[in-house]
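Below is one structure, written out as structure tokens; comments come after it.
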Amino acid sequence: MLAEALGLSVERARRLLEGRASRVLRYHGLTYIVLRRDVGEHYEGTSVVLTRSGAVRVIEGYPHIRRILLLGRAVPRHFIDEVVVEEKMDGHNVRVARIEGEVYAFTRGGYICPYTTARMRRKYGRALERAFEALGEEAVIAGEVVGLENPYTRYYYPEAPEWDYFVFDIFTRGLEPLPVAERRRLAEEAGLRNVPQLGVFLKDDWREILEATRGLEELGREGVVLKDPEYRVEPLKYTTSYTNVHDIELGMRYPFDEGRTFIFPRVLRQIFKAIEEGWDEDRLRAEAERLGAALLEPAIEAVRTLARGEPLAEEFTLTFASMEELEEFTAYSAGMGVPLSVVSIEAGEGYVRARFLKHKKSEEELRKILRTGISPLD
Ligand code: ATP
Ligand code: MG
């Protein structure tokens with residue numbers, strides 16, 4: 001069934017199933033196979049779902065979006081005429097599919113997350129039903145889950161402080177997207193939220209696009225995704241200086257986890273910001289100081305935290321409808337190899353709130369340095 005679903009030879013499908021490039025999982029009576037790499041035409045994060053009735057559904061992995069470093073070079077070359085500028089919200093990517101009457105939330109990696117699925121059904125069950133009614137069962141809705149109550153990426157958004165979902169793509173089948181305007185109308189009519197749209201620009205007016213990102217810069221928001229109104233060419237992303245540096249700052253709280261991989265790509269983005277925006281001496285000084293602080297301060301604070309004998313771990317709170325739901329999520333995380341511990345539970349009328357600690361590799365690495373005084377790098 002895998003060979004047929006993905007358009008592979010039987011032999012290739014067998015090797016895929018046996019190897020580490022795929023994983024087989026179960027969720028509420030569904031069996032699904034996750035692709036952990038690109039396979040043939042299918043992106044990493046693709047899920048092949050075997051439904052209860054024996055039908056097969058392929059939920060395609062969400063495509064990678066290439067990044068702009070110089071708007072003035074990239075935008076007039078890449079786009080055809082008009083460019084829709086949508087906000088790039090910083091949370092985690094979730095594709096929603098309806099399978100035999102129930103909606104499921106797939107993570108970027110292609111896993112059905114029990115927590116996200118449960119919250120999605122509670123908040124948007126009816127709206128999603130309306131959307132799939134209009135779109136048909138083959139459709140996949142893609143969007144960003146943002147807010148502080150998720151196990152993956154937490155940024156505070158005033159319009160979504162805890163948990164919400166903002167649609168940015170609708171695929172009618174496979175990876176065939178609805179035009180931007182149609183998608184936005186359909187989502188809204190169904191009662192779903194769209195990512196904010198900053199405007200529609202002519203590709204040669206890239207300076208106006210740069211101008212439009214200034215507001216986001218001041219609000220400390222991530223950036224934009226630029227799209228052809230009909231997806232005739234692929235979308236491109238562009239982030240604010242604020243985010244480039246702020247991500248380094250957050251990442252360096254855990255230098256051996258996010259820290260080391262975050263640095264170079266973000267420094268590169270800042271270098272080309274300076275070129276495109278023509279930073280003067282004062283701006284350059286200010287940015288250099290901001291970047292230096294982002295690199296050093298959180299990491300030094302992390303080492304001091306450990307030296308005081310305190311743990312170095314990510315902390316977050318999730319809200320469940322019941323203890324069973326909480327247990328299902330912790331079992332799922334353990335299965336994913338993510339070490340989570342529950343530090344406290346508050347149960348009330350129809351809800352269970354749990355505080356989690358997520359263990360970080362940096363803790364061991366930094367402790368070892370404090371103990372031995374020797375560098376693990378060189
Ligand atoms: P990749 O670069 O492979 O897409 P990534 O997670 O590193 O992976 P990001 O830099 O976060 O990528 O940018 C792409 C992601 O941005 C998308 O996968 C999606 O989750 C998110 N996103 C937020 N807002 C939008 C939007 N308006 N349109 C498209 N994607 C958006
Ligand atoms: Mg992201």
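We count ligands from 1, going down the list as the structure has it; atoms in each ligand are counted the same way. Note: hydrogens, waters and symmetry copies are ignored here, and every other heavy atom, side chains too, is used.
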Ring geometry between F356 and F316 (parallel below 30°, tilted from 30 to 60°, perpendicular above 60°): parallel
For atom 24 (N) of ligand 1, the protein heavy atom that lies nearest, with its residue and separation: M89 N, 3.1 Å
R130 with E133: basic N within carboxylate O range, under 4.0 Å: no
Residues E44, R108: salt bridge by 4.0 Å N-O rule: no
Distance from atom 25 (C) of ligand 1 to nearest protein heavy atom, with residue and atom: F168 CD2, 3.5 Å
Closest protein heavy atom (residue, atom, distance) for atom 9 (P) of ligand 1: K88 NZ, 3.2 Å
Subset of ligand 1 atoms that lie under 4.0 Å from at least one heavy atom of E144: 19 (C), 20 (O), 21 (C), 22 (N), 23 (C)
Distance under 6.0 Å and angle within 45° of ring axis: R232 vs F79: no
Test item, R67 contacting ligand 1 (heavy atom, 4.0 angstrom): yes
Salt-bridge criterion met for R260 and E365 (N-O under 4.0 Å): no
Which residue and heavy atom of the protein sit nearest atom 10 (O) of ligand 1, plus the separation: K237 NZ, 3.0 Å
Heteroatom proximity flag, E222 to ligand 1, N/O under 3.5 Å: no
Any N or O of P63 closer than 3.5 Å to N or O of ligand 1: no
Residue and atom name of the nearest protein heavy atom (relative to atom 17 (C) of ligand 1), distance in Å to one decimal: N93 ND2, 3.8 Å
Carboxylate-amine/guanidinium contact E301 R253, below 4.0 Å: no
Electrostatic pair E11:R15 at N-O distance under 4.0 angstrom: yes
cation_pi(K361, F256) dist<6.0 Å, angle<=45: no
Pair K203 + E82: basic N to acidic O under 4.0 Å: no
Numbered atoms of ligand 1 (with element) below 4.0 Å of I65, judged on heavy atoms: 2 (O), 4 (O), 29 (C), 30 (N)
Where ligand 1 meets E86 - atom numbers and elements under 4.0 angstrom, heavy-atom basis: 27 (N)
Mode of H92 contact toward ligand 1 - side chain, backbone, both, neither (heavy atoms, under 4.0 Å): neither
For atom 28 (N) of ligand 1, the protein heavy atom that lies nearest, with its residue and separation: K227 NZ, 2.9 Å
Proximity flag R108 to ligand 1, non-hydrogen atoms under 4.0 Å: yes
Parallel, tilted or perpendicular: rings of Y165 and W163 (30°, 60°): parallel
Distance filter under 4.0 Å to Y62 heavy atoms, resulting ligand 1 atoms: 17 (C), 18 (O), 29 (C), 30 (N)
Exam field: side chain D280 to backbone R283, donor-acceptor pair closer than 3.5 Å: yes
Geometric N/O contact E87 with ligand 1, under 3.5 angstrom: yes
Ligand 1 contact on V225 by region, counting heavy-atom pairs under 4.0 Å: side chain
Distance from atom 3 (O) of ligand 1 to nearest protein heavy atom, with residue and atom: H64 ND1, 2.6 Å
